[in-house]
Amino acid sequence: MKIKIIKKYAILLFVIGTLLFVGLSPSLVIADDTSMDYIKDLYNSTSDQLNDIDYSKLEDILDSLEDDALFNGSFYNTVKGILSGEYDLDANNFIEYILHVIGINVKALLPLAIIIICIAIIMRLLKSFTPSSMKGGIVEIINFVAIGVVIIYISKYILDINSVVFSTISLMQDTMNVLFPILMTLMGVMGATSSVAIYTPITSILNTGISSVMTNFLYPIYLISFGLVIISVISPKVRVDKFITFLSSLFKTSIAFVFGIFSTIFVIKGISAGKFDSVSIYTTKFAVKNYIPLIGSYISEGFNYIMLSTMLIKNAVGLAGIILILGVVLSPLIYLLLIRLFFHFTSSVVDVIGSKEISDTLDKVAKITVYPIAILLGVAFMFIMSISLVVCTANLI
């Protein structure tokens with residue numbers, strides 16, 4: 001019995017002694033120091049590479065925006081903040097920015113609603129004061145003049161939409177033309193040569209081909225639809241409603257087809273390239289470490305430093321690029337959404353007043369205004385998706 005008790009105490013003392021030895025062992029301190037040195041070297045390597053990148057063109061794009069609420073003063077500071085974990089999108093500042101943009105656009109669009117409502121009221125009064133014996137021809141003239149004035153006034157905003165859509169897409173293209181070479185270079189430094197070879201032509205197609213489809217094919221559908229709406233309002237006897245419906249179907253089918261094809265090709269090729277690069281880089285690291293005498297492990301460790309620091313920078317630059325795309329598209333998108341909302345609002349008010357012709361015109365214009373909104377969202381979505389896939393693909397390495 002005593003022997004068993006002695007064994008138990010011996011085992012307990014052994015365990016306690018082992019724990020004390022491990023806890024007080026200097027190797028733990030050495031490991032901690034080694035980890036700190038590793039982190040310090042990684043930070044220095046990342047900082048050196050970060051400062052070697054030219055951000056001047058991206059800074060110019062950022063300066064062209066009305067507000068930089070999404071950024072820490074500059075593109076470089078934003079990338080640095082993301083790397084250090086100090087970047088923080090202040091929700092209050094962001095909401096204030098959204099409200100500021102909405103307020104400016106509401107003030108700009110108020111004349112649209114007020115003037116059209118006034119035209120509808122005058123039109124209604126003129127019809128009311130017209131003698132019944134003269135109502136036939138005069139009412140038609142009043143309708144024609146009122147609708148003509150409304151169309152002329154609406155056309156001003158259609159031209160504004162045209163300018164906003166093309167300038168925003170052009171600015172997003174400029175952003176991608178600057179951002180993607182940086183990302184491709186960083187991926188090349190990491191050894192992701194297969195991904196670079198695949199992404200480079202795809203991004204060129206995105207920036208030229210698909211953007212051209214949006215601006216040269218889909219956007220003209222919007223303009224043609226607007227022209228047909230005007231014809232249907234001015235000349236009710238000309239039946240173009242079915243053709244407007246056809247154009248709506250053509251637009252939806254085309255934009256879905258473009259997004260589907262691009263997304264499928266980009267995702268499949270990106271993932272396959274990342275897998276291939278992973279195998280080739282791991283093989284290279286293994287060969288260097290095991291077949292180069294004496295210094296192989298040091299070279300492999302240095303390669304790890306370069307690859308990890310480059311990956312961190314690439315991810316930070318990619319995320320900052322996504323934020324920049326959002327900053328480019330956010331204000332124009334709010335403007336287009338408000339124009340559509342104002343068309344619907346004015347149409348409902350005018351309908352209450354009793355001007356059915358003007359109300360129907362505004363309602364039809366509001367319905368087709370969703371086309372430029374979809375185009376902007378589509379281009380922004382494809383750019384953001386392509387950046388995200390580039391960032392995620394290289395992380396497989």
Under 3.5 Å donor-acceptor, Y219 side chain and N162 backbone: yes

F259 CZ: over 12 foreign heavy atoms closer than 6.0 Å: yes

Shortest non-hydrogen contact between R340 and A366, atoms and distance: NE-O, 2.9 Å

CG-CZ distance between L362 and F342, expressed to the nearest 0.5 angstrom: 12.5 Å

Spacing of S388 atom OG and N315 atom CG [to the nearest 0.5 Å]: 10.5 Å

CG on N177 to OG on S170, rounded to 0.5 Å: 9.0 Å

K57 vs I61 side-chain heavy atoms within contact, under 4.5 Å: no

Trace of the side chain to side chain contact (heavy atoms under 4.5 Å, CB included) decision for I387 with L179: CA-CA 9 Å; I387 296 172; L179 185 66; 3.5 Å; yes

side-chain contact (heavy atoms from CB on, under 4.5 Å) partners for S359, two or more places apart: S347, V350, D351

Y157 atom OH, neighbour heavy-atom count above 12 within 6.0 Å: yes

Any donor-acceptor N/O pair, T245 side chain to D241 backbone, under 3.5 Å: yes

Stepwise side chain to side chain contact (heavy atoms under 4.5 Å, CB included) test for Y222 and I161: CA-CA 11 Å; Y222 167 64; I161 291 174; 3.6 Å; yes

Verdict with reasoning, I313 to I53, per side chain to side chain contact (heavy atoms under 4.5 Å, CB included): CA-CA 10 Å; I313 294 173; I53 300 174; 3.7 Å; yes

pair S386-F180: side-chain heavy atoms closer than 4.5 Å: yes

Minimal non-hydrogen separation, V165 against P372, with atom names: CG2-CB, 3.7 Å

Minimum heavy-atom distance between M123 and I358, given as atom pair plus value: SD-CD1, 3.7 Å

Close side-chain approach of I339 and L109, heavy atoms under 4.5 Å: yes

Closest contact, heavy atoms only, A320 versus T78: CB-CG2, 4.2 Å

Student check: side-chain heavy atoms of L326 and I384 closer than 4.5 Å: yes

Short side-chain to backbone donor-acceptor contact, S167 and V164, under 3.5 Å: yes

Main-chain N/O of F75 paired with E59 side-chain donor or acceptor, under 3.5 Å: yes

Considering all heavy atoms, the nearest V370-K367 contact: CG1-O, 3.2 Å

Residue of the set L324, D60, L58 for which side chain to side chain contact (heavy atoms under 4.5 Å, CB included) holds with V178: L58

Shared hydrophobic cluster for I98 and I104 (ILVMFWY, side-chain gaps under 4.5 Å): no

Spacing of CG belonging to L186 relative to CD1 belonging to I182, to within rounding of 0.5 Å: 7.5 Å

CZ (F166) with more than 12 external heavy atoms under 6.0 Å: yes

Interatomic distance, I154 atom CD1 to L112 atom CG [nearest 0.5 angstrom]: 7.0 Å

From L376, I169, D174, T168, residue fulfilling side chain to side chain contact (heavy atoms under 4.5 Å, CB included) relative to V328: T168

Full working for side chain to side chain contact (heavy atoms under 4.5 Å, CB included) between T346 and I117: CA-CA 7 Å; T346 310; I117 290 171; 4.1 Å; yes

Polar side-chain atom of S225 near backbone of I221 as donor-acceptor pair, under 3.5 Å: yes

Trace of the salt bridge (charged side-chain N to carboxylate O under 4.0 Å, His left out) decision for K364 with D360: CA-CA 6 Å; K364 290 178 180 179; D360 290 344; over 6 Å; no

Residue pair I255 / F217, side-chain heavy-atom distance below 4.5 Å: no

S249 side chain to F246 backbone, donor-acceptor under 3.5 Å: no

Neighbour count above 12 (heavy atom, 6.0 Å) for Y153 OH: yes

Nearest non-hydrogen partners of F383 and M172, listed with the distance: CE1-CB, 3.6 Å

Nearest-0.5 Å distance that lies between atom OH in Y97 and atom CD1 in I102: 10.5 Å

